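One structure is given here, and the rest of the page talks about it.
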Amino acid sequence: MARVFNFSAGPAALPEPVLAQVRDELLDWHGSGMSVMEMSHRGKEFMAIQAEAEADLRSLMGIPDNYRVLFLQGGATLQFAMVPLNLMPVGASADYVVTGSWSKKAVAEAKRYGTVKVAASSAETNFNRIPGQDELTLDPQAAYVHITSNNTIFGTEYHYTPDTGAVPLVADASSNILSRPVDVGRYGLIYAGAQKNIGPAGLTLVIVREDLIGRCRGGAPTLLDYAIHAENDSAYNTPPTFAIYVAGLVFKHLLAQGGLAAVEQANVDKAQLLYDVLDRSGFYSCPTELASRSRMNVPFTLADADLDATFLAESKQAGLVQLKGHRSVGGMRASIYNAMPRAGVQALVEFMIDFERRHG
Ligand SMILES: *Cc1c(COP(=O)(O)O)cnc(C)c1O
């Protein structure tokens with residue numbers, strides 16, 4: 001068996017020890033004689049799996065008691081609609097900070113339900129930076145302020161938590177959740193599709209302050225009401241059981257690594273390794289502003305774009321896969337989420353230095 005180093009933006013690499021445990025437990029989970037995939041979501045085994053996953057996530061992120069954890073489906077994309085449906089009263093407005101393609105999609109969806117005010121945007125510089133607090137035009141009457149905490153495509157990340165006063169802060173944290181400690185109490189709601197830093201696709205995590213639940217506007221589908229999910233412990237209908245189980249193993253794995261402070265240190269170190277190579281010569285370059293750089297997604301270009309295809313072919317040959325950049329940015333992108341080991345980044349860096357020596 002030869003596992004590659006997978007730099008995919010998502011679905012992305014999972015921690016190998018977690019995959020090994022899933023394999024070991026696949027046919028017979030803890031003597032139950034069945035796979036987690038085959039269990040009733042209302043049986044005591046699965047309910048224990050879900051409760052443990054939630055408890056571990058709460059301890060990992062330090063989630064305060066007045067927040068609910070919801071295990072949903074529909075991806076981050078469905079949250080683009082659920083957030084305004086639940087948090088924006090009819091006739092109200094919300095502030096959105098536009099920092100890339102996912103923010104733009106969130107704005108487009110919210111506009112179907114009310115007025116969107118753009119609090120700031122980095123479109124002018126092709127989303128290569130995160131606007132600072134002093135650049136945000138915030139409306140104290142807004143229903144909420146929405147940010148994208150890490151921009152998966154453009155490779156930028158918030159390194160501060162916006163101060164929104166009494167207005168709830170909502171974050172799409174799909175691509176950097178669990179990569180660093182976060183003060184959950186500063187947020188009204190945090191959501192994330194699982195397939196980047198949590199577990200298998202199909203699960204969407206929502207962490208929401210209790211007072212924001214129960215405000216869903218009339219006429220919305222039952223399944224899009226946070227209150228329905230909160231009242232039913234995420235089992236109003238069948239939740240993505242297997243994905244919840246795997247996510248629970250990932251939470252345990254991160255706790256065993258020392259929690260999010262230790263995870264952050266490892267991520268800072270991995271990202272630095274890669275950015276150092278991008279900055280040391282003119283052969284590679286990185287389009288993002290220094291202070292806004294993401295630790296999770298690192299876009300870069302070669303000075304000679306004619307070498308792109310060769311770079312991708314040779315890196316794949318070396319067991320380094322999924323490095324092609326997103327079409328809206330071009331060049332390459334290395335996604336180095338939690339599950340990318342330091343050895344993977346080290347291998348990429350060594351390949352890049354060698355590639356430059358041979359083609360530079
Ligand atoms: C991947 C991604 C999405 C879309 O997630 P889905 O689960 O496919 O709906 C939204 N926002 C961000 C920041 C992402 O990285």
Side-chain angles (χ1 to χ4, degrees), residues 6-14 70-85 94 96-110 112 116 121-123 127-131 144-159 161-162 169-180 182 187 189-207 223-224 229 234 239-240 242-244 246-247 250 267 271 288 292-299 322 324-329 333-340:
N6 176 8
F7 294 89
S8 170
L14 283 164
L70 308 177
F71 296 100
L72 308 183
Q73 305 190 50
T77 305
L78 189 59
Q79 293 311 307
F80 296 166
M82 280 177 80
V83 166
L85 279 170
Y96 277 69
V97 184
V98 180
T99 50
S101 317
W102 294 117
S103 313
K104 285 201 286 187
K105 286 194 165 154
V107 166
E109 194 67 16
R112 296 164 58 98
V116 168
S121 166
S122 53
F127 301 118
N128 74 337
R129 58 186 292 274
I130 299 292
Y144 58 88
V145 179
H146 182 282
I147 63 167
T148 311
S149 59
N150 182 77
N151 295 277
T152 325
I153 293 173
F154 291 94
T156 61
E157 180 174 8
Y158 281 77
H159 296 294
T161 307
L169 177 61
V170 173
D172 174 359
S174 294
S175 51
N176 73 342
I177 192 167
L178 305 182
S179 71
R180 58 198 298 171
V182 48
Y187 295 81
L189 187 150
I190 297 171
Y191 65 90
Q195 68 274 19
K196 281 121 189 183
N197 234 356
I198 299 172
L203 167 66
T204 309
L205 211 59
V206 171
I207 301 164
L223 212 52
L224 302 193
H229 295 288
S234 305
F242 194 73
I244 292 170
V246 179
V250 171
N267 285 328
T288 46
S292 302
R293 285 178 171 181
S294 168
R295 299 166 180 170
M296 297 284 101
N297 309 96
V298 183
Q322 301 281 356
K324 192 171 167 43
H326 191 274
R327 58 189 182 281
S328 56
V329 181
R333 171 177 50 174
S335 295
I336 50 173
Y337 299 118
N338 288 349
M340 172 60 62

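Since this is a predicted model, take the numbers as computed values, not measurements. Numbering of ligands and ligand atoms starts at 1, following listing order.
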Using ring-ring contact (aromatic ring centres under 6.0 Å, His included) as the criterion, list what pairs up with F7, not counting sequence neighbours.
-> none
Ligand 1: which residues have a non-hydrogen atom closer than 4.0 Å?
-> G75, A76, T77, F80, W102, T148, N150, T152, D172, S174, S175, Q195, K196
Do the side chains of I130 and H159 get nearer than 4.5 Å, heavy atoms only?
-> no
Would you be so kind as to tabulate the donor-acceptor pairs closer than 3.5 Å made by side chains of residues 169-178, with sequence neighbours excluded?
{"residue": "D172", "atom": "OD1", "partner": "S174", "partner atom": "N", "Å": "3.1"}
{"residue": "D172", "atom": "OD1", "partner": "S174", "partner atom": "OG", "Å": "2.7"}
{"residue": "S174", "atom": "OG", "partner": "G193", "partner atom": "N", "Å": "3.2"}
{"residue": "S175", "atom": "OG", "partner": "N150", "partner atom": "O", "Å": "3.1"}
{"residue": "S175", "atom": "OG", "partner": "N150", "partner atom": "ND2", "Å": "2.8"}
{"residue": "S175", "atom": "OG", "partner": "T152", "partner atom": "OG1", "Å": "2.8"}
{"residue": "N176", "atom": "OD1", "partner": "S149", "partner atom": "OG", "Å": "2.7"}
{"residue": "N176", "atom": "ND2", "partner": "E157", "partner atom": "OE2", "Å": "3.0"}

Verify the ring-centre separation between Y144 and Y187: is it less than 6.0 angstrom?
-> no
No-hydrogen, no-angle side-chain donor-acceptor test under 3.5 Å, T288 and S292 = no
Residues in salt bridge (charged side-chain N to carboxylate O under 4.0 Å, His left out) with R333, at least two apart?
-> none
